[in-house]
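In what follows, a structure is listed as structure tokens, so that the remarks can point back to it.
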Amino acid sequence: MKVQFYPTDVDTIEYQGEQAIRIFGRTIDNKRICILDQTFKPYFWAIPKHAHKITQVKWDISDMNGVKEAQTVKKKILRQEIEAIKVTALDSKDVPTLRSEVKRHGSIKEVRESDVPFYRRYLIDKGIHTLNLCEVEGEELELNLDVELVMQAKTIKEVDDKPLDKPRTLSIDIETYNPQKIPREDKDPIVMIAFAGDDGFKKVITWKDFPKKPDYVEVLNSEEQMLERFKQVIQEYAPDYLVTYFGDGFDFPYISKRAKLHKVSLDINWDYTPLKVNVRHDIPTAKTKGLVHIDIFKFISRTMAGGLDTERYDLNSVAQELLGEGKTGAKVEELANVWDNQPERLKEFAEYNLQDTEITLKIFQKVLPGLNEFVRLVGQPIYEVCRMSYGQIVEWYLMRKAFLKDELAPDRPKSAEITGRLDQKFEGAFVFEPVPGIYENIAVFDFKSLYPTIIATHKLDSSTLSEKGVGTPAPETEISGKKVKFYFDEKKEAFIPEEIKELIEVKGRVSDQLKKDPENATLKGRRYALKVLANSVYGYLSFSGSKWYCIEAGASTAAYARQYIKNAMKEAEEQKFKVIYGDTDSLLIVLENKTKEDAIKFQKSINKNLPGLMELELEGIFPRGIFVGIKSGEKGAKKKYALLKDNGKIKITGFETIRGDWSILAKETQNELLNIILKENDKEKAIKYVKEIIQEVKTGKMPLEKMIISRQLRKDLSDYEAVGPHVAIAKKMQEKGIPVGPGTIIQFVVNEGNGIIRERAKLPEESTKYDVDYYLKNQVLPAVDPIMSVLGYTKKDLIEGNSQSTLGDY
DNA sequence: CCATATCGGGG
DNA sequence: GTGTACGATATGG
């Protein structure tokens, strides 16, 4: 029989005594399907030291244990033809031992592609992209799986590149008992779980009854029963995708732990095995089989981050930006108290819980076209693509391209190799040191895809890297302090530069299509995915873990970039523009008595002389901007400025009070100050505002809650060697019998008195008087001083309340 | 300066 | 899973 289906997840299982490929998906008539493919065999490549001995080596390998077959095949390494031995193994489990044995053979130089996970190899070789329509031919099988159809594949192929467009999706979210804010897995139960489905399905399950229950609420008798029901709801809904916001890091580890305590088996996988939370180093991931767990936070905070303005990636901020709506209603800090003492208010929390799943679902649907494009480009399962770092995205994209071009990929470097690479540092981007100040009418220019266009235009990678004097020299640069100059032979065929060139060209075509259809989400996602991929290749070339590592190309790319940006600056100055800043690929000039047309003329004059795909763009004209100094001196800090946009929003770069370990006081003050300066352009108001704040701090009138600094315990108290303020407090809490442990957030206020900080740090409720000096010196001044010194005020001016003595400096 | 610790997301 | 991988920044010594 023949069936058309959309594959959603692929892995390997043991079947009939050997490793088989297992594909889960959804058929075109909407059934869940599982396909087993035993026809595909694992293989890797062995490269002989001497080409003339290849036949003998091939026979030696054929005789090794676990070898199904060894053949010589013409392939390419760095685009040069070679003869390689394809070693086909009987079973993928045998590959690691077989690989070592082949490596030990005296006439073998190296092995390649021996570390490609079996199912990834399968997808690449079969030309199958998950989510794209495929056709399988084979027999129906009887297996105990939670799907409507099981098949054993004879043949399988991709038939269309239109992806599964309406996956059945269920979003989930838990609420936990939280007397100490961050809940403790072993002590604090889950009190509610919400679900939202793409067909409008909504449900909240809990285990405490309360009045005025909405219809979607179902009350169970205990946490244990709620967990059983949780499982059931998922099985009944039978989604393709199970979507969470930070489910890898919170919901699933928590659910897993609570289920274990109650001895509930979370067998929601389509093969009836339980959900598994893998912890590698510090980072947990929750893997399901069949249905795919998509932690949308992971994808948004990593891969989409470059396309978003938000500085924070909490659900509310991301919803604000992507949906234009945020969270409303209950305050989650009150949940523990309401659960214990005010069950009549639990309705608010059921609504809150449901809202989180609905927002998560909407965010997922909003970013899905983009995510789909990454999956199509990378060609690996969506579960993995949405968790990939940039390095992996590039690497698996290149792996597919390498296969199509007969290029043999190197194995990943071993740890000794990685350590060696990490020690090699090269000179990075050029950053112009700005003169601190406030500027008006700032024209911002950008080299469009600077690094990718340099790599493609000058053909920089290991396939063109040549010895001294052969080919074209890249600009001189430094690696680990040594001056070096590399040569790249542009006449040679280049692997990575040609792939980049193609990416840039495809992106250009997508941009053209977008001009005709500007709101097309698929096209927007495609353009973004292409951009991210192209921009990541530079990092990939010099990333210590990469297969196609080439520090010479990385260092030379940066060297070319410095040359281009410096030349553009020089040219701007020659055309009598005032350059105020430049960083990597951008150039900021003030228009002064010139016009936008002059700026465009400058841009054209640069573009006339740029080779290949390179291009300078005018990003826009910003009405006002501030550049701050390093200390209160004259030198400008690099990468630390704020620009006022046309739409009145402020684009902040490099100011660091966003982190939670600053007090609210520092954050609010800095924000308000930037607003006064950039929007209102009122220096008098700025100094007045800062002085008022400082005065309020000095006189002790600032509310204590604005002084709270939060820090989280990350390990058991006994494991701390260095005792920071929050550790000291936690120890005291423990002595009093208050439970503290990993995850507990310690809030403290630094109080007046003698001794070092940790002796004066106290819990907010035990604090009497905050330490004026500490807050001025460590919170308020670091936040405002760099900005105020631009206006000509020294720290002294701010603290002593003198008049603006050094205004002349400005 | 280097080594170690913390944050982020979640409640 | 044909494994062994966060990335950036602050603080302590």
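Throughout, protein chains are lettered first and strands after them, A, B, ... in sequence-line order, and every chain is numbered starting at 1.
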Would you tell me if any nitrogen or oxygen in the side chain of H726(A) comes within less than 4.0 Å of OP1 or OP2 on dA5(B)? no
Taking the six-membered ring for Trp, is the centroid-to-centroid distance between Y390(A) and F543(A) below 6.0 Å? no
For dA10(C) versus dG9(B), give the span between their P atoms, rounded off to a whole number of Å. 15 Å
Out of dT4(C), dG9(B), dG11(B), which nucleotide sits closest to the side chain of Y313(A)? dG9(B)
Check whether any side-chain N or O of Y119(A) sits under 4.0 Å from OP1 or OP2 of dG1(C), and answer yes or no. yes
As a quick check of understanding, evaluate salt bridge (charged side-chain N to carboxylate O under 4.0 Å, His left out) for R121(A) and E113(A), giving each step before the final call. CA-CA 9 Å; R121(A) 170 91 279 162; E113(A) 309 198 352; 2.7 Å; yes
Over how many whole Å does the gap from D248(A) atom CG to dG8(B) atom C1' extend? 14 Å
Atom NZ of K327(A) and atom C1' of dG10(B): how far apart are they, to the nearest Å? 9 Å
CG of L308(A) versus C1' of dG9(B): gap in Å, rounded? 15 Å
Please report, rounded to the nearest Å, how far the C1' atom of dG8(B) is from the CZ atom of F299(A). 19 Å
dA5(C), dG11(B), dG1(C): which one has an atom nearest the side-chain heavy atoms of R120(A)? dG1(C)
How far does the P atom of dT9(C) sit from the matching atom of dA5(C), given to the nearest Å? 22 Å
Pairing donors with acceptors under 3.5 angstrom, does anything connect the side chains of Q320(A) and T310(A)? no
Side-chain N or O of R99(A) closer than 4.0 Å to phosphate OP1/OP2 of dG3(C): yes
Expressed as a whole number of angstroms, how long is the span from K414(A):NZ to dG3(C):C1'? 11 Å
What's the closest nucleotide to the F297(A) side chain, out of dG1(C), dG9(B), dG11(B)? dG9(B)
Does one side chain, of Y540(A) or E395(A), offer a donor that lies under 3.5 Å from an acceptor on the other? yes
Nearest 0.5 Å, what's the CD1-CD distance between I300(A) and E321(A)? 10.0 Å
Proximal nucleotide (of dA5(C), dG7(C), dG11(B)) relative to the S389(A) side chain: dG7(C)
Let me know the distance between CD1 of I418(A) and P of dA5(C), rounded to the nearest Å. 7 Å
Modelled atom types, side-chain donor and acceptor of D37(A) and Y122(A), under 3.5 Å: yes
Look at all strands and tell whether D314(A) reaches a base, only sugar-phosphate, or nothing, counting heavy atoms closer than 4.0 Å. sugar-phosphate
Heavy atoms only, 4.0 Å cut-off, all strands: where does F252(A) land among base, sugar-phosphate and nothing? nothing
For the side chain of I182(A), counting heavy atoms from C-beta on, which of dG11(B), dA5(C), dG10(B) is nearest? dG10(B)
dG11(B) C1' sits how many Å from I174(A) CD1, rounded? 8 Å
Between R387(A) and dC6(C), is there a side-chain N or O to OP1/OP2 distance below 4.0 Å? no
Would you classify D91(A) as touching base, sugar-phosphate or nothing, given that sugar-phosphate means primed atoms plus P, OP1 and OP2, and contacts are heavy atoms under 4.0 Å? nothing
Can you tell which of dG11(B), dA5(C), dT6(B) lies closest to the side chain of T176(A)? dG11(B)
Which residue lies toward the 5' end of DNA chain C, E384(A) or R302(A), if each is placed at its nearest nucleotide? E384(A)
When rounded to the nearest Å, what value does the distance between C1' atoms of dA8(C) and dG3(C) take? 26 Å
Does atom CG (N65(A)) have a neighbourhood of more than 12 heavy atoms from anything else shown, all under 6.0 Å? no
Choose from dA5(C), dG11(B), dG9(B) the nucleotide whose nearest atom is closest to any side-chain atom of Y245(A). dG9(B)
How many Å lie between CD1 on I296(A) and C1' on dG8(B), as a whole number? 17 Å
Within the structure shown, what part of the strands sits under 4.0 Å from D173(A) by heavy-atom distance: base, sugar-phosphate, or nothing? sugar-phosphate
